[in-house]
Amino acid sequence: MTPDPVGAWVRGVDYVAGWRQATGALAELADALAAAGLEEPGVRLRAGAEDDGAGVVRLELTVPAARRMAKLAEAAAPHFGRAS
C-alpha cells in the first residue's frame, strides 16, 4: 500500500507518519466493517495523508453498502448517547 496524496507535497512535512497511522486505523475499520457484514465489493478504504501530514482514511461505499451502513449507524446511535 502506498500513500494516497491529496495535494502538493510540502518539503519537511512527514506524510509517511500520517499515512502509517491511517493504515493502522484502516485495518481496524476494515475488521469492524467485515464483522458487521460490510465487506468488498461494496466498500473501499484508502489510507492517505492530508496536506499537513495528518493521516486520513477515505471510505467509499456503493449505494447498497451505504444503506446498510446507515442502518448500522442508526442501531449503534443509542449506545453513543444519540437517539435515532
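Residue indices begin at 1 and follow the sequence shown. Hydrogens, waters and symmetry mates play no part in the numbers below; they use all other heavy atoms, side chains included. Please read all numbers here as calculations on a predicted model, not as lab measurements.
Looking at every heavy atom in both residues, V57 comes nearest to A22 through CG2-O, 3.4 Å. What you find for L33 and M69 is that their closest heavy atoms are CD2-CE, 3.3 Å. What you find for A47 and T23 is that their closest heavy atoms are CB-OG1, 3.6 Å. Closest approach of E50 to V56, counting heavy atoms only: OE2-CG2, 3.7 Å. Of all the heavy atoms in Y15 and A49, the pair that sits closest is O-CB, 3.7 Å. Counting all heavy atoms, side chain and backbone alike, L72 lies closest to L38 at CD1-CD1, 3.4 Å.
E60 has its side chain within reach of R46: a pair of non-hydrogen atoms, C-beta onward, lies under 4.5 Å apart.
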Evaluation steps, side-chain contact (heavy atoms from CB on, under 4.5 Å), between L29 and D31: CA-CA 5 Å; L29 180 57; D31 289 346; over 6 Å; no

Test log, rule side-chain contact (heavy atoms from CB on, under 4.5 Å), inputs V43 and L59: CA-CA 7 Å; V43 178; L59 169 64; 3.8 Å; yes

